[in-house]
Asker: 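Mind looking over this structure? Questions follow.
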Amino acid sequence: MAWLTRFLAAVAFLAIGVIFSPETFGSKSDGLNSSKLSPFLKLAHLLCFSTAWGAALWVTFIGGIIMFKNLPRHQFGNLQSKMFPAYFSLVGVCCSIAVGSFAYLHPWKSSSTAEKYQLGFLLSAFAFNLTNLFVFTPMTIEMMKQRHKVEREENIGGEVGWTKNREVAKSNPKLAAMNKKFGMIHGLSSLANIMSFGSLAMHSWYLAGYLLLFFFTSPRFILNLNFNY
């Protein structure tokens, strides 16, 4: 049933995109309705993009590192196996809404080159997250469970860090082979996550171009968001 759940999630992501971006799929929206929808779509885009980018920043560069340095390794792995599917699902949903709202506001035929590039960055982030959610994460979790079983037989895994694993792997070919395979799969997953984060970072640079700060003689300042992007 796991594959069915993932398939339905992928269909849900696509459905969100279709709902939010009819012009991308060839239909035309009414001008009046578009103007009424515009503020809501811009808000949805901003909130979903910022949620995806913030979650990626925290998980990739802060939360995961802190947990790895302070939790027993098996406990850390078990926590990650529960957290990452939720993390990639959250970022995937947010990216799909960001893609749909941006595509609706910028129909492909009338959009500028810069806007087409931004849609490409958002789609890339979405695709990398789906790849992690449906391909690399299930493979990583399965490999982790197999390696945990071998490590428990060697009475390791309750420590913090990799020291004991590396020592035992020198005399245990099975564990050494598992480490190599796990490292390869985990490396691909990390690469996809970094590529997704990088794509979102490129879009943040684009949005920053529409952020205007007006400073006055007083220390207070007014933040003016010009979202006519």
Side-chain angles (χ1 to χ4, degrees), residues 1-17 47-99 121-152 156-162 165-166 175 177-204:
M1 293 298 292
W3 69 267
L4 180 59
T5 302
R6 294 168 191 155
F7 174 76
L8 291 176
V11 172
F13 289 147
L14 179 60
I16 292 172
L47 292 179
C48 289
F49 163 76
S50 58
T51 298
W53 196 84
L57 176 67
W58 174 261
V59 171
T60 304
F61 298 105
I62 303 174
I65 295 174
I66 292 174
M67 287 187 288
F68 178 75
K69 290 184 176 181
N70 291 277
L71 290 177
R73 195 156 47 77
H74 282 188
Q75 184 178 344
F76 167 75
N78 290 330
L79 177 59
Q80 294 285 77
S81 70
K82 303 297 182 183
M83 185 181 73
F84 272 112
Y87 160 63
F88 290 126
S89 296
L90 170 66
V91 176
V93 169
C94 287
C95 283
S96 68
I97 295 175
V99 167
F121 286 132
L122 292 172
L123 284 170
S124 296
F126 178 56
F128 283 124
N129 269 281
L130 286 189
T131 302
N132 252 327
L133 179 62
F134 298 135
V135 181
F136 294 136
T137 295
M139 293 172 64
T140 302
I141 293 174
E142 182 60 30
M143 194 66 216
M144 180 202 72
K145 290 179 179 179
Q146 295 177 17
R147 190 172 67 166
H148 281 188
K149 183 178 179 181
V150 174
E151 288 178 330
R152 282 193 293 268
I156 62 174
E159 72 286 349
V160 177
W162 290 99
N165 173 278
R166 292 171 179 170
L175 181 58
M178 284 185 169
N179 284 346
K180 184 177 181 179
K181 185 176 180 180
F182 178 84
M184 180 185 69
I185 298 172
H186 187 267
L188 291 172
S189 177
S190 297
L191 177 61
N193 186 53
I194 288 294
M195 293 298 289
S196 174
F197 177 81
S199 298
L200 292 173
M202 293 299 293
H203 190 60
S204 71

Asker: Between F68 and G161, which heavy-atom pair has the shortest distance, and what is it?
Answerer: CZ-CA, 4.3 Å

Asker: According to side-chain hydrogen bond (donor to acceptor under 3.5 Å, both in side chains), who are the partners of Q75, at least two apart in sequence or on a separate chain?
Answerer: none

Asker: Check side-chain contact (heavy atoms from CB on, under 4.5 Å) between M83 and all other residues, then give those that pass, not counting sequence neighbours.
Answerer: V59, M67, Q80

Asker: Which heavy atom of N129 sits nearest to which heavy atom of C95, and what is that distance?
Answerer: ND2-SG, 4.4 Å

Asker: I'd like to check the ring pair (Phe, Tyr, Trp, His ring centres under 6.0 Å) partners of F136; sequence neighbours left out, ordered by chain and number.
Answerer: none

Asker: Can you name the side-chain contact (heavy atoms from CB on, under 4.5 Å) partners of L123, sequence neighbours left out?
Answerer: V99, L119

Asker: Could you list the residues that satisfy side-chain hydrogen bond (donor to acceptor under 3.5 Å, both in side chains) with S204, not counting sequence neighbours?
Answerer: none

Asker: Might you confirm whether atom NE2 of H186 has over 12 heavy atoms from other residues, nucleotides or ligands at distances under 6.0 Å?
Answerer: no

Asker: Suppose we screen for side-chain hydrogen bond (donor to acceptor under 3.5 Å, both in side chains). Which residues come up paired with R147, at least two apart in sequence or across chains?
Answerer: N179

Asker: Work out which heavy atom in A192 is nearest to a heavy atom in F128; give both atom names and the distance.
Answerer: O-CB, 3.5 Å

Asker: What pairs of residues pass the salt bridge (charged side-chain N to carboxylate O under 4.0 Å, His left out) test when at least one of them lies in residues 63-75, not counting sequence neighbours?
Answerer: R73-E151, R73-E159

Asker: Looking at C48 and C94, what are the two nearest heavy atoms and their distance?
Answerer: O-CB, 3.3 Å

Asker: Can you tell me how the ring of F84 sits relative to the ring of F88, calling it parallel under 30°, perpendicular over 60° and tilted otherwise?
Answerer: parallel

Asker: Could you tell me which residues satisfy side-chain hydrogen bond (donor to acceptor under 3.5 Å, both in side chains) with S189, sequence neighbours excluded, listed by chain and number?
Answerer: N132

Asker: Quick one: side chain to side chain donor-acceptor pair (under 3.5 Å) pairs with a partner in residues 53-67, sequence neighbours left out?
Answerer: T60-N193

Asker: If I compare all heavy atoms of L47 with all of T51, which pair ends up nearest, and what's the gap?
Answerer: O-OG1, 2.7 Å

Asker: Apply side-chain contact (heavy atoms from CB on, under 4.5 Å) to S50 and list each qualifying residue two or more places apart in sequence or on a separate chain.
Answerer: none

Asker: Output all residues satisfying side-chain contact (heavy atoms from CB on, under 4.5 Å) with M143, sequence neighbours left out; order by chain, then residue number.
Answerer: Q146, M178, K181, F182

